[in-house]
Amino acid sequence: MNEAEYLILQNRLLSEEVKRRIDQMAAINIVASTVSQSLDLDRTLETALRAVLEVVNAESGGISLIDAETQDVVLRAQRGWLHDFVSMPMRIPFGKGMSGRVIREDNVVVNNNLDGSEEYAVPSFRDEHFRSIAMTPMHARGKIVGILSIMSNKPDSFSDEIVAVLRAVADTVGVALENARLYEARVEQENRLNAILQSSADGIITTDLKGRIELVNNTAETMLGVAEETLSGVPLREAPMPAKVRDSLLVALASRVQAQDKAFQVTLDDERVLLVQVAPVYTESQVSQQGDADGWVIVLQDVTHIRKAEIERARFMQAAAHDMRNPLGVALNSLSMLQSMIGGQDATADEIIGIATRSVHRLRDLIDDLLNLEHIESGFGFKRADADLREVLEEAAANIKPSMDSKGLHFSTDISDNIGSAKVDRRWLMRALMNYLDNAVKYNKTGRKVTLRAYTQDNNLHLEVIDNGIGIPAKAQSRLFDRFYRVDDKDTEGISGTGLGLAIVKSVAEAHGGKVYVRSRKGHGSTFGLLLPQG
Ligand code: ADP
């Protein structure tokens, strides 16, 4: 061959190679554009197989996927076969047969001369009488996800060129299938979550950060008596739901303290009581960034039966306390009669009568406090109405003044001019203030000062009782508002009490949506505060 002929040959080979490449590119393009049209796995399998068979010009083919759990190779789509191996699944155990070889070698396996003597992992495959087969691994995300095969009933069907095209399109198909599979897995997970959400016994509503409703489950629909369609996509402020629930939710969502969960009870017009909990939702990235919440999740629980039981219990306690109080009254009367009959004659008898009288008084106080606590915590009869706060505070001051005077304390009030009025249960607020004021007398020393102070700050009302009495040790301060907690040191020695007074104040504050606080230094005095949100 001379140089010219050699060059011509080289040129021809080159142009053939170019043509082959162009054909391959075209094949990949055809397959890619076909398989990327759907995210439905079964549809993608079908269309991918059809497109592949067209570009390689083969009559039969199959696509198998690897079962992520068992690593079995499962035939998921077939074309041009005699028997249906998809609905009667062809499952080839990991490593078995020609599929096993494809995966092991991570390479194309071609046999252009099948003669029926081969060992097949699935024996009935022999009934298809294929004479040629080419199988290639499909890759996605760096691993083999399945096998793409083409077959023919004639021997010597698959040239190197066809195999090259098969190899070239395999990964495109693999990626499309993997995407469809991931999408399906995600949809399935979403469906499962949705099913859990819908069948939850709690009502669940989610909103975006601005309060636009995104999701409402069946239970919430029933509880609020509103259809999902009328709520979803609607801003909470316009949502057609019971006004009491909507208004409380708006207040909860508007609050500046976002990170905090909020819970409150709403009594509907039909007497049902709903416990509503509002919590911010964070996506993972936001948790790590400690940024703003992504939205809100609102959980509704029907607690009517619990409320009814609480009210029943409060009624029972009241009746029981009443029954206990009567004999105590009789006992006190008898003791005082005894005192007047034999008083002053015998010092020991006087002392015994004194001890008995004090004990009965203690018992009566305890019953009263327990009853109060039970009462306020059950919410039974708790009613808020507009009250002139200055007037309430002045009445409390007038009530405590005689005790202050008899203990020789300097008592004053410091009520800010703009104190105005507030929606409170007047009777319970008075009880709470009196508990603080009584303590300021009890835990104090003659000649010291006590101030009843009231002011507003950041939209909150602060009612404080400030004394420069005995003060409270730091380690005791966090437990002061617990039931039955009393400080036990030499300054409080001999001062009697039930340990329930501050627990009652705390419950009163909470019933108003507020809270209590204390600032104190042992030996320097204390400030007991009651914070009530305004508006
Ligand atoms: P009680 O007065 O019946 O013991 P409280 O719940 O009212 O119950 O108060 C709990 C404890 O808090 C008291 O036992 C007392 O030790 C402490 N305490 C309350 N008020 C004051 C105060 N103003 N100064 C010092 N200690 C106080």
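In listed order, ligands and their atoms are each counted from 1. Computed from heavy atoms alone, side chains included, the values below leave out hydrogens, waters and symmetry copies.
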Closest protein heavy atom to atom 26 (N) of ligand 1, given as residue, atom name and distance to 0.1 Å: I472 CG1, 3.3 Å
Selection residues 500-517 - residue pairs positive for side chain to side chain donor-acceptor pair (under 3.5 Å), sequence neighbours left out: E377-S507, H462-Y517, E464-Y517
More than 12 heavy atoms from other groups under 6.0 Å of NZ on K449: no
D72/R91 ion pair, N-O < 4.0 Å: yes
Proximal ligand 1 atoms for Y485, defined as those under 4.0 Å from one of its heavy atoms: 10 (C), 11 (C)
Electrostatic pair E188-R181, nearest N-O below 4.0 angstrom: no
G469 touching ligand 1 at heavy-atom level, < 4.0 angstrom: no
Donor on one side chain, acceptor on other, N191 and R186, under 3.5 Å: no
K401 and D405 ion-paired at < 4.0 Å: yes
For L500, the ligand 1 atoms whose distance to one of its heavy atoms is below 4.0 Å: 6 (O), 8 (O)
Atom 17 (C) of ligand 1: the protein heavy-atom neighbour that sits closest, reported with distance to 0.1 Å: L480 CD2, 4.0 Å
Those atoms of ligand 1 less than 4.0 Å from some heavy atom in S526: 24 (N)
D467, any N or O under 3.5 Å of ligand 1 N or O: yes
G471-ligand 1 polar pair, N/O distance under 3.5 Å: no
Residue and atom name of the nearest protein heavy atom (relative to atom 13 (C) of ligand 1), distance in Å to one decimal: Y443 OH, 3.3 Å
Contact partition for L502 relative to ligand 1, non-hydrogen atoms under 4.0 Å: both
Protein contact of atom 4 (O) of ligand 1 - nearest heavy atom, named by residue and atom, plus distance: R486 NE, 2.5 Å
Pairs under 3.5 angstrom only: tabulate donor-acceptor contacts from the side chains of residues 204-211 to other protein residues two or more places apart or in another chain.
{"from": "T206", "atom 1": "OG1", "to": "L215", "atom 2": "N", "distance (Å)": "3.4"}
{"from": "D208", "atom 1": "OD1", "to": "K210", "atom 2": "N", "distance (Å)": "3.0"}
{"from": "D208", "atom 1": "OD1", "to": "G211", "atom 2": "N", "distance (Å)": "3.0"}
{"from": "D208", "atom 1": "OD1", "to": "R212", "atom 2": "N", "distance (Å)": "2.8"}

E312/R315 ion pair, N-O < 4.0 Å: yes
Modelled atom types, side-chain donor and acceptor of S200 and D202, under 3.5 Å: no
Atom indices of ligand 1, in the order listed, that fall short of 4.0 Å to a heavy atom of G497: 3 (O)
Nearest-contact summary for atom 20 (N) of ligand 1 - protein heavy atom, Å: N439 CB, 3.3 Å
Atom 8 (O) of ligand 1 - nearest protein heavy atom and its distance: G499 CA, 3.2 Å
F528 N/O under 3.5 Å from ligand 1 N/O: no
Over 12 foreign heavy atoms within 6.0 Å of NZ, K143: yes
Proximal atoms of ligand 1 relative to G501 (non-hydrogen, under 4.0 Å): 5 (P), 6 (O), 7 (O), 8 (O)
I470, any N or O under 3.5 Å of ligand 1 N or O: no
For K442, the ligand 1 atoms whose distance to one of its heavy atoms is below 4.0 Å: 1 (P), 2 (O), 3 (O)
Distance in Å, D247 CG paired with M241 CE, rounded so as to fall on 0.5 Å steps: 10.5 Å
Atom indices of ligand 1, in the order listed, that fall short of 4.0 Å to a heavy atom of V487: 14 (O), 16 (O)
Within 45° cone of Y485 ring axis and under 6.0 Å: R483 NZ or CZ: no
